[in-house]
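In what follows, a structure is listed as structure tokens, so that the remarks can point back to it.
Predicted model only: the values in this text are computed from it and were never measured.
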Amino acid sequence: MDGQYRALWLNDNGDLEVIDQRYLPFEKRMRVLKTANDACEAIKDMTVRGAGVIGNVAAFGVYLAAREFADDKQKITQVALNIRSARPTAVNLMWAVDNMLEVIKHSDDMVSDCKAEAIRQTDEDVRRTQAIGNIGADIIESIMAAKKLKQFHILTHCNAGWLAIVDSGSALAPIYEAQKRGIDIHVWVDETRPRNQGARLTAWELQDAGINHTIIPDNTGGLLMQQGKVDMVITGADRVALNGDAANKIGTYLKALAAKDNGVPFYIALPINTFDFDCESGVRDIEIEQRSEDEVHVMSGMDKQGHTQNIRITPEGSVAANYGFDVTPARLITGLITEKGVIEPNKEAIGQLQ
Ligand code: RUB
């Protein structure tokens, strides 16, 4: 499993190597994860992020545990459960670890079986994102035909590209596919405070792919929608409940409200393993990660000398709140673009995917 557009791969020593996303877009630095604890820390400190990739790194983390603790099933299981709780909102993490635990339960050769299962899960994501790309690009084409557009303006929030899920992303997959089909596409990229996954990661991906894009402060989307400058909003998701409510990066909900008010289609793109079929109501039940307030107080960037600097942007002593995600109610979502087609955001349609 290698390839230009993967955020993780096994190196020649059988260790997991990942792109350290904390240094992008200024530096493409790799980090080698040799132990299960390395994998767990990489998820916690956001060396890797994005629901899909978090799940993949967790699966390989369990393989690394199998390599470390040989035949000690109990220890491997305990370490796996620790990885499972590294971040609370993205359900792909729990899905991936639960599948690994199932393999462990029935395995006589845990190293080889865990490795095979982690590779299988990751390769499966590649097929999922390709299908999402095709289905999403069909939607783009049909909106363009209906509105007789020559250029298509699409707004996205956070990063749901190949850095988030191998190897063409969820929300960005239709954009990559549209580019392949020769569609003239322009992307409004929400900066996505406080960690700026949009400004740093989505912009980096789109620039690398030669896709026309404009970075906008998070509060700009509503104005652009009022002015008719957005033809579609598309984001990824970290967990979608049985009733169609969708958790994604903080700020997504406000974009969905603005889209509804302005008649702009609002789509969520996700692989089936981002559904949480046990969660009846997303707004009521999805746990929202709260992160350190330092992420709000301190910004990092590159100075004129090319050195990464952290600077404080708030008064010393002020308190900050840092909710990582919000939940967009199903009633604001036009459709859920999955590898199995566009699903209506309601219990009847989602329940059939189980
Ligand atoms: C990432 C985020 C992304 C989804 C995309 O948040 O909200 O939109 O994870 O999911 P963070 P996918 O950067 O805090 O992990 O992996 O399916 O594209």
Between [Y] and [X], is the closest basic N to carboxylate O distance under 4.0 Å?
X	Y	value
Arg291	Glu289	yes
Asp45	Arg22	yes
Asp123	Arg120	no
Asp15	Lys34	yes
Asp294	Arg312	no
Arg31	Glu17	no

Approximate separation, where rounding is to 0.5 Å, of Met30 CE and Asn11 CG: 11.5 Å
Rounded distance (nearest 0.5 Å) linking atom CD1 of Ile250 with atom CZ of Arg195: 14.5 Å
Let me check something: any side-chain donor-acceptor pairs from residues 279-286 under 3.5 Å, sequence neighbours excluded? List them with distances.
from: Glu280; atom 1: OE1; to: Lys347; atom 2: NZ; distance (Å): 3.3
from: Ser281; atom 1: OG; to: Arg284; atom 2: N; distance (Å): 3.3

pair Phe275-Ile350: side-chain heavy atoms closer than 4.5 Å: yes
Any side-chain heavy-atom pair of Val62 and Arg67 under 4.5 Å: no
For Lys249, all residues meeting salt bridge (charged side-chain N to carboxylate O under 4.0 Å, His left out), sequence neighbours excluded: none
Single hit among Asp326, Asp278, Asp276 for salt bridge (Lys or Arg N to Asp or Glu O under 4.0 Å) with Arg239: Asp276
Verdict with supporting geometry, Glu339 and Arg127, salt bridge (Lys or Arg N to Asp or Glu O under 4.0 Å): CA-CA 8 Å; Glu339 68 270 30; Arg127 285 185 280 279; over 6 Å; no
